[in-house]
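Single-structure report; data block below.
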Amino acid sequence: MAQVAARRIGWGDLPATVRSAVEEIIGDRVVEAVSQSGGYSPGTADRVRTATGRRAFVKAVNPALNPDSPVMHRAEARIAGALPATAPTPRLLGCHDDGDWVALVFSDVAGDHPHTPWRADELTRVMDALEAMAVALTPSPVAHVPTAAELLADDFAGWHRIAADPPPRLDPWARAHLDELRAAADEGVAALAGDTLCHVDVRADNLLFDAAGTVTVVDWPWACRGPAWLDTALLLVNVRLHGGHDTEAMLRRLPLTADVDPASITGVYAGLAGFLADRARRPPPPGIPALRAFQQAQADALLPWLAARLG
């Protein structure tokens, strides 16, 4: 399922003052900008080239496009600026924040997203990269980020909200197992202890392969401190969504998840499914009309897996 941002603006739509500020960060005049597909932000996502051939990636947004996106950009600026060189992430070159527009400027990654459905060779490289990333980011190099439990506790209470007000089209299995799902999700929150900096939104469109096959993980606004296995377990939801792989067997085989208590992983999946099912029934956020359908598709992919794990 492709992640496509609706009505994304481009470099030319930015105010002249914002473009000038970005050019000052890069140190040269931008002569070409190519908008990138994928993701859900209505703001810019442009790979730019300057008059002397310098390249960068620019993402910019203001509250008129979506009120939450500038907050996310500011969080990402704080996090990305503190990531070590050993992490497989782009380097933050600078941030422009005038109180309305927030623009982030990153080193350019000349690469492509993984194929979906996932190819086995690309999936192996990404899993190896996530293992190396967990080592590089333990202990967390970013001090002022929430714990995973703090970040996700309210999200993982989705089944409680659904039980209090069940939607008419609630999955029949979920409707029949709401008590079990609520208990599992609560256990999932308790399983989120750890001191690894976790991305918590690793999916195909937040990953890039360069020509040498090196993996780069992009978009870090939700980073938090949690268990080293969390990003690997969450990526398998994206793999499950696109199909073609035995994600249960992968959980048992991958070094970061093989020795984790199965109930902990089941709890995290239960919490995530509750969050997705609860959010999917809400009106779409401003400027991002496709998000709810994507959340529902993920919930639909998770529920049969949860039924098997809880069965």
Side-chain angles (χ1 to χ4, degrees), residues 1 88 114-138 148-149 151-152 155-156 158-159 171 173-174 177 180-207 215 217 222 224-277 295 297-311:
M1 181 177 181
H115 292 83
T116 52
W118 280 81
R119 292 188 346 197
D121 61 325
E122 293 184 341
L123 186 53
T124 296
R125 289 206 298 273
V126 169
M127 290 302 181
D128 290 345
L130 292 184
E131 188 177 354
M133 186 172 81
V135 172
L137 299 182
T138 304
L151 179 71
L152 298 174
D155 291 344
F156 279 19
W159 291 120
D171 177 89
W173 178 85
H177 293 82
E180 194 172 2
L181 286 166
R182 283 186 292 178
D186 291 345
E187 187 171 349
V189 175
L192 292 172
D195 193 27
T196 299
L197 187 70
C198 302
H199 182 283
V200 301
D201 196 22
V202 182
R203 58 186 196 230
D205 63 316
N206 281 338
L207 297 162
V215 178
V217 185
W222 304 113
C224 59
R225 289 182 290 114
W229 51 265
L230 183 58
D231 282 333
T232 295
L234 293 178
L235 178 62
L236 289 178
V237 177
N238 189 254
V239 176
R240 185 96 179 181
L241 170 67
H242 293 291
H245 296 272
D246 185 343
T247 51
E248 185 65 34
M250 293 183 70
L251 275 177
R252 295 192 296 268
R253 183 176 71 245
L254 291 167
L256 286 177
T257 56
D259 296 327
V260 178
D261 181 354
S264 295
I265 295 178
T266 300
V268 167
Y269 287 159
L272 179 61
F275 161 73
L276 293 166
Q295 290 172 331
Q298 292 176 94
D300 292 343
L302 262 176
L303 284 174
W305 195 7
L306 272 172
R309 290 184 68 87
L310 289 170

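Heads up: numbering here begins at 1 and tracks the sequence. Everything numeric here is computed off the predicted structure, so don't read it as measured data.
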Closer than 3.5 angstrom, by distance alone: can the side chain of [X] be matched with the main-chain N or O of [Y] as a donor-acceptor pair?
| X | Y | answer |
| --- | --- | --- |
| Arg309 | Pro262 | yes |
| Tyr269 | Ala233 | yes |
| Glu122 | His115 | yes |
| Asp171 | Leu303 | no |
| His245 | Val239 | no |

Residue pair [X] / [Y]: nearest heavy atoms and the distance that separates them:
| X | Y | value |
| --- | --- | --- |
| Val200 | Cys224 | CG1-SG, 3.6 Å |
| Ala185 | Ala270 | N-CB, 3.8 Å |
| Ala297 | Leu241 | O-CD1, 3.6 Å |
| Gly243 | Pro117 | O-CB, 3.8 Å |
| Glu187 | Ala263 | OE2-CB, 3.3 Å |
| Ala228 | Leu256 | O-CD1, 3.7 Å |

Are the side chains of [Y] and [X] in contact, using a 4.5 Å heavy-atom criterion?
| X | Y | result |
| --- | --- | --- |
| Phe156 | Val268 | yes |
| Leu310 | Thr266 | yes |
| Met127 | Thr232 | yes |
| Val189 | Leu152 | no |
| Trp229 | Leu251 | no |
| Leu123 | Met250 | yes |
| Leu234 | Val202 | no |
| Val215 | Pro88 | no |

Q) Cut-off 3.5 Å, side chains only: do Asn238 and Trp118 have a donor facing an acceptor? A)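 Per modelled atom types, Asn238 and Trp118 side chains form a pair under 3.5 Å.
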Q: Answer yes or no: does atom CH2 of Trp305 have more than 12 heavy-atom neighbours from other residues, nucleotides or ligands under 6.0 Å?
A: yes
Q. For atom CG of Asp259, is the number of surrounding heavy atoms from other residues, nucleotides or ligands below 6.0 Å larger than 12?
A. no
Nearest 0.5 angstrom please: [X] [atom1] to [Y] [atom2], how far?
| X | Y | atom1 | atom2 | answer |
| --- | --- | --- | --- | --- |
| Asp246 | Arg253 | CG | CZ | 8.0 Å |
| Thr196 | Asp231 | OG1 | CG | 9.0 Å |
| Trp159 | Glu180 | CH2 | CD | 11.5 Å |
| Leu192 | Arg225 | CG | CZ | 12.5 Å |
| Thr247 | Leu302 | OG1 | CG | 9.0 Å |
| Leu137 | Asp195 | CG | CG | 10.5 Å |

